[in-house]
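Working notes, structure below.
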Amino acid sequence: MSPATVAMVLAAVVATAAISGLFGMAGGSLLMGLLMLTVPVASAMVLHGAAQLASNGARAAIHFRHIRWPVVGVFAIGAVLAMGLMSFVSFTPSKALVFLAMGLLPILVWIPERWSPFDAAKPAHAFIAGMSTTALALTSGVSGPLTELFLVRSAMPARQVIATKASLQVFGHVAKILFYGGALLERAGEGAVPPWLLVAVALGALAGAALGGRLLDHVSEENFRRWRRWIFTAIGGTFLAQALQLYLAGGG
């Protein structure tokens, strides 16, 4: 990567981590989209995994006392099982497919709460969430909205939503680093991400998460619920347009 590209990636990491820290969503998808425009898919998955692992880990630490640990424990069982099953599948999505998946994900955040049959507080639902969201993270790079679907009916306040979701998202990001990082190494380092950049990305994500946590103190519950869906939908529309452009151009 050129110095200009590295600088853009690091700036995007800080900004999107702050967005996620503030709204509990959207930042990860936005970062994935920006990375897909600059680096190959596998490298984007690894960089995104490193940044989001640090960002989500930081948010979980900042709001540690608000985490719903029973939900995280059952979710982890499903996530580990999904990782095991996906290890038998060799698949790297095209850029067009990733943009298409991320563009369609906002549909999930507009499903009325009363229509959602899921509640992460129920052990069976938390297990299903662990399997499905981890599989989605490995195929499209982003799984936040699906995780959200399992939390919308939990009646948790804003800080519990952010803290618990951040803890759940860690599993998908670890899976991406292991799967795609391993694939890059098997190809003799083709497109490999230098370790120093992974460290820089992680530090940038931590800075952004801290900033987002401070901004959250100034956001009301009403605005927290209202704006997060509209922001994510706008980003999704942009991704759909990018997917269409790639498909029409015959690229991916």
Side-chain angles (χ1 to χ4, degrees), residues 19-29 52-53 55-86 101-102 104-176 212-213 216 219-233 235-236:
I19 290 172
S20 288
L22 178 58
F23 293 106
M25 67 186 304
S29 295
Q52 292 300 102
L53 178 59
S55 178
N56 281 278
R59 287 203 302 279
I62 291 170
H63 308 294
F64 183 81
R65 60 192 179 92
H66 299 284
I67 297 174
R68 293 284 293 272
W69 289 108
V71 174
V72 176
V74 178
F75 182 98
I77 297 173
V80 171
L81 179 58
M83 290 182 204
L85 294 175
M86 292 295 290
M102 292 193 298
L104 294 175
L105 283 176
I107 294 173
L108 297 177
V109 304
W110 288 103
I111 295 177
E113 293 184 16
R114 65 181 182 278
W115 291 5
S116 173
F118 305 114
D119 183 353
K122 298 179 179 179
H125 292 192
F127 175 78
I128 294 172
M131 288 196 64
S132 59
T133 60
T134 302
L136 182 60
L138 289 171
T139 53
S140 71
V142 178
S143 61
L146 183 57
T147 306
E148 184 86 6
L149 192 62
F150 286 88
L151 294 170
V152 293
R153 295 189 63 185
S154 62
M156 291 189 288
R159 289 189 182 277
Q160 281 195 7
V161 169
I162 288 181
T164 303
K165 183 180 176 183
S167 302
L168 302 182
Q169 291 292 98
V170 163
F171 296 95
H173 300 312
V174 168
K176 284 186 296 184
L216 182 61
V219 177
S220 67
E221 285 283 338
E222 180 182 358
N223 286 332
F224 172 80
R225 301 290 180 183
R226 178 194 304 165
W227 289 107
R228 62 206 306 258
R229 293 194 299 179
W230 283 107
I231 291 173
F232 191 68
T233 300
I235 294 172

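Basis for what follows: all heavy atoms, side chains included, without hydrogens, waters or symmetry-related copies. As the structure is a prediction and not an experimental result, all values here were calculated from the model.
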field: pair Phe75-Thr133: side-chain heavy atoms closer than 4.5 Å
entry: yes
message: Ring centroids only, cut at 6.0 angstrom: are Trp69 and Phe64 within range, meaning strictly under it?
response: yes
- prompt: Which pair of non-hydrogen atoms, one from Ala135 and one from Ala82, has the smallest distance, and what is that distance?
  reply: N-CB, 4.4 Å
statement: Shortest non-hydrogen pair, Ala163 vs Ser167, comes out as O-OG, 3.0 Å
message: Working to the nearest 0.5 angstrom, can you tell me the gap between Leu146 CG and Ile128 CD1?
response: 11.0 Å
- prompt: Should Met86 and Thr134 count as side-chain neighbours, where that means a heavy-atom distance under 4.5 Å?
  reply: no
- request: Taking all heavy atoms of Phe118 and all of His125, pick out the closest pair and write down the distance.
  value: CA-ND1, 3.4 Å
Check: Thr164 side chain, Arg68 main-chain N or O, donor-acceptor pair, under 3.5 Å: yes
task: Heavy atoms only: give me the nearest Ala126-Val71 pair and the separation to one decimal.
output: CB-O, 4.0 Å
field: Closest heavy-atom pair and its distance - Leu151, Ala120
entry: CD2-CB, 3.8 Å
query: For the side chain of Lys165 and the backbone of Glu148, is there at least one donor-acceptor N/O pair under 3.5 Å apart?
result: no
field: Approximate separation, where rounding is to 0.5 Å, of Thr147 OG1 and Leu136 CG
entry: 8.0 Å
- prompt: What distance separates Ile77 CD1 from Phe171 CZ, expressed to the nearest 0.5 Å?
  reply: 10.0 Å
field: CD1 on Ile67 to CD on Gln160, rounded to 0.5 Å
entry: 10.5 Å
message: Once rounded to the nearest 0.5 Å, what's the spacing between atom NE2 of His173 and atom CG of Leu138?
response: 11.0 Å
statement: Closest non-hydrogen contact found for Val142 with Ser29 is CG1-OG, 3.2 Å
